[in-house]
Amino acid sequence: MSSHQDFTPKPVEKNIRNTYRWLEDRLPILSFLSDALVTYPAPRNLNYMWNFGSLAGIALVLQILTGIFLAMHYKGDVNLAFDSIQHIMRDVQWGWLIRNLHMVGASFFFIVVYIHMARGLYYGSYKSPREVLWGLGVIIFLLMMATAFMGYVLPWGQMSYWGATVITNLLSVIPFIGKYVVVWLWGGYSVGDPTLTRFYAFHFVLPFVIIGVVVLHLWALHLHRSNNPVGIDLKRAKDYIPFHPYYTIKDTFGLGVYLIPFTLMVFFLPEYLGHPDNYIPANPMVTPAHIVPEWYFLPFYAILRAIPIKEIGVAAMFGSILVLFFLPWLDSSPVRSARFRPLYKQIYWLFLINFVVLGWCGANPPEGMFVIIARVATVLYFSFFALLPVLARYEKTKPLPATI
Amino acid sequence: MATRTPKPHSPSVDEAPIGDVDAERRAFLVNTTTAFGVAGAACVALPFIQSMNPNRAVQALATLDVHLGDIAEGTNKTVLWQGKPVFIWHRSPAQVQQARAQDSKATMDPQPDADRTQKPDWLVVLGICTHLGCVPMRGGAEDGWRCPCHGSQYDMSGRVIQGPAGKNLEVPPYRFLDDQTIRIG
């Protein structure tokens with residue numbers, strides 16, 4: 001039959017290699033993936049702190065996958081939302097597992113990202129030429145916070161409702177238009193059904209926006225390649241090893257270690273990081289006696305509460321995150337790694353301890369000594385950033401090695 | 001197999017020669033087209049932005065009539081108006097006197113108690129902390145309210161006496177339909 005001849009492979013499509021080249025010529029996506037995950041030249045001296053970038057990627061994928069399956073059973077309506085969570089936990093086959101993975105997964109995503117950021121801070125990964133890479137990371141962090149916040153509203157328990165009320169009210173400090181912005185965001189005169197439905201829509205779509213920014217983050221990363229623990233520019237070819245198999249195997253091992261506490265939490269302590277109050281249905285008439293946000297927001301929440309004037313408190317809270325965008329210019333020291341910066345190393349650890357102290361204050365009621373400690377810690381938080389330009393000028397750094 | 005290598009962009013070859021073009025006219029056209037494009041995009045965005053504002057069903061719940069007869073002197077009742085709690089406190093003469101005595105202490109957002117009520121024995125205020133919107137509970141240093149979220153305190157007239165809130169509990173628009181009924185909104 002003559003029609004068979006139409007399907008005879010052309011020479012260029014004769015084998016897989018040629019098909020690959022055919023696709024490459026039209027859309028070089030396979031070489032893009034290969035450049036990113038196989039042949040990408042990574043510094044040979046990366047330590048385990050460099051595992052957390054790929055772990056964050058895996059955590060994001062896990063959130064998206066579990067989230068899609070939850071969305072098949074969840075109802076974004078104030079009359080149905082609370083019960084639909086119990087429906088997922090009790091009726092949906094394996095629903096409890098998918099929800100626990102999603103819930104614990106959110107907390108672990110933040111743990112991983114906080115370590116990832118702390119690593120960047122210690123080894124000066126934000127410095128030239130990686131300022132944009134760092135800034136994209138801060139954008140991802142902000143998007144994560146927005147996504148996590150709106151996700152926490154969806155179960156429509158007491159903490160969901162009052163968390164949503166407090167956080168949306170932060171925008172009321174915008175001069176003149178603040179109260180209209182808040183009503184617009186709510187779609188009503190208080191947090192209600194329109195708010196829940198739109199938060200569900202945003203919670204669903206924002207992770208895909210995060211993926212987009214992650215692609216930009218990796219693009220910027222691959223242009224100048226990874227920083228390394230020594231923090232010097234690597235010029236010799238032998239300073240690099242291919243990502244696969246060296247770092248694929250190391251990242252896989254790291255993933256295995258990560259999954260041990262993760263699965264322990266999923267199976268035995270899924271509620272450990274949550275709040276019992278969120279198993280009371282939302283009630284606009286009564287605020288719980290002690291409301292706190294999820295643990296990953298506590299340090300910033302402590303800054304908000306430390307300042308007794310509303311407008312300044314809100315500005316300080318947003319400022320405490322936005323200041324990260326300016327970090328590459330605040331820290332003008334030419335030496336990247338804290339290994340060679342004796343003074344920076346010390347204030348770095350103080351900053352980290354202070355951050356934990358802020359979180360501890362945020363978890364406690366705004367009374368007595370917690371107010372005083374939170375105020376001191378807030379001042380110390382911003383002092384770190386204020387000290388960086390001074391430090392860059394006066395710090396005696398250790399001599400840098402020529403190679404790794 | 002021939003692999004295509006993109007040619008480097010060369011302005012002199014790829015673009016029309018600039019010589020016979022009125023550059024000023026071209027710039028004007030580009031700028032006005034851009035301006036109209038932006039204005040058009042803004043007009044298209046408007047319905048989408050407006051769709052997020054309170055819908056008509058939400059707006060329809062604008063008023064609420066409350067019967068006052070079942071609120072005994074000295075007690076208070078919380079009603080839900082537009083999704084927001086409203087505190088209605090039937091104050092005794094002693095409580096009114098106490099609230100008026102606090103006039104001099106309410107220095108953060110000064111307003112005499114007499115201006116905050118239509119009838120001295122009925123205090124009607126929104127039960128929403130002016131800091132970040134939590135519902136305050138009874139208590140605090142002046143026997144008014146304290147907010148469980150961030151520690152703001154209000155006196156017996158709902159005036160702020162301790163931050164982080166900076167404003168008094170809001171008095172919603174309301175009027176007495178008769179001695180026993182008020183209409184909020």
Side-chain angles (χ1 to χ4, degrees), chain A residues 10-13 17-18 21-22 24-26 28 78 161-173 180 182-195 198 283-292 301 304-314 365-368 370-371, chain B residues 1-6 48-62 64 77-87 108-109 126-139 145-153 160-167 170 172 184-185:
Chain A
K10 295 196 177 73
V12 75
E13 295 156 0
R17 184 175 293 276
N18 278 352
R21 288 176 64 185
W22 177 88
E24 267 306 290
D25 191 36
R26 283 148 184 82
V78 286
Y161 183 88
W162 292 103
T165 299
V166 168
I167 301 298
T168 49
N169 262 305
L170 293 177
L171 298 176
S172 69
V173 303
Y180 304 105
V182 174
V183 167
W184 174 72
L185 203 63
W186 287 338
Y189 305 103
S190 58
V191 173
D193 191 53
T195 325
R198 65 187 56 177
N283 178 2
M285 301 281 261
V286 184
T287 306
H290 178 47
I291 78 159
V292 279
Y301 189 62
L304 168 76
R305 295 194 310 187
I307 295 164
I309 300 157
K310 176 178 169 178
E311 288 76 7
I312 298 173
V314 175
E367 292 158 6
F370 290 112
V371 178
Chain B
M1 199 205 73
T3 329
R4 289 166 207 165
T5 39
F48 291 93
I49 292 169
Q50 188 60 19
S51 77
M52 285 174 69
N53 264 321
N55 59 46
R56 291 188 183 86
V58 172
Q59 287 173 352
L61 304 171
L64 175 77
K77 186 181 180 180
T78 308
V79 296
L80 207 58
W81 168 67
Q82 291 187 338
K84 297 178 278 201
V86 179
F87 296 153
M108 290 178 68
D109 184 9
L126 283 188
I128 291 180
C129 180
T130 55
H131 178 225
L132 293 173
C134 294
V135 179
M137 39 206 223
R138 294 311 303 265
W145 289 270
R146 57 172 280 271
C147 182
C149 292
H150 309 105
S152 300
Q153 293 193 14
V160 62
I161 50 171
Q162 189 191 304
K167 292 199 172 99
E170 197 184 324
I184 306 172

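Quick caveat: nothing in here was measured; it's all calculated off a predicted structure. Convention: sequence-line order gives letters A, B, ...; per-chain numbering from 1. Heavy atoms only: backbone and side chains are in, while hydrogens, waters and symmetry mates are out.
Of the two parts of B:T130, only the backbone, made up of N, CA, C and O, holds a non-hydrogen atom closer than 4.5 Å to a non-hydrogen atom of chain A. Neither the backbone nor the side chain of A:I312 comes within contact range of chain B, judged by heavy atoms closer than 4.5 Å. Within the 4.5 angstrom heavy-atom criterion, atoms from both the backbone and the side chain of B:I49 approach chain A. In this structure, no portion of A:P365 lies under 4.5 Å from any heavy atom of chain B. At a 4.5 Å heavy-atom cutoff, the contact between A:L170 and chain B is made by backbone and side-chain atoms alike.
Of all heavy-atom pairs between A:L304 and B:L132, the closest is CD2-CD1, 3.7 Å. Nearest approach of B:V58 to A:G187, heavy atoms of both residues: CG2-O, 4.0 Å. Shown here for A:P284 and B:P85, the closest heavy-atom pair between the two residues is O-CG, 3.6 Å.
Residues B:C134 and A:V166 form a side-chain contact, since some pair of their non-hydrogen atoms from C-beta on lies under 4.5 Å apart. Taking the side chain as every heavy atom from C-beta outward, A:M285 and B:V135 never approach each other to under 4.5 Å. You'll find the side chain of A:T287 reaches within 4.5 Å of the side chain of B:C149, heavy atoms only. Considering only heavy atoms from C-beta on, B:P164 stays 4.5 Å or farther from A:I307 through its side chain.
Of the possible donor and acceptor atoms, none in the side chain of A:W184 sits under 3.5 Å from a partner among the backbone N and O of B:M52.
Between A:K310 and the options B:K167, B:H131, B:H150, a side-chain contact (heavy atoms from CB on, under 4.5 Å) holds for only B:H131.
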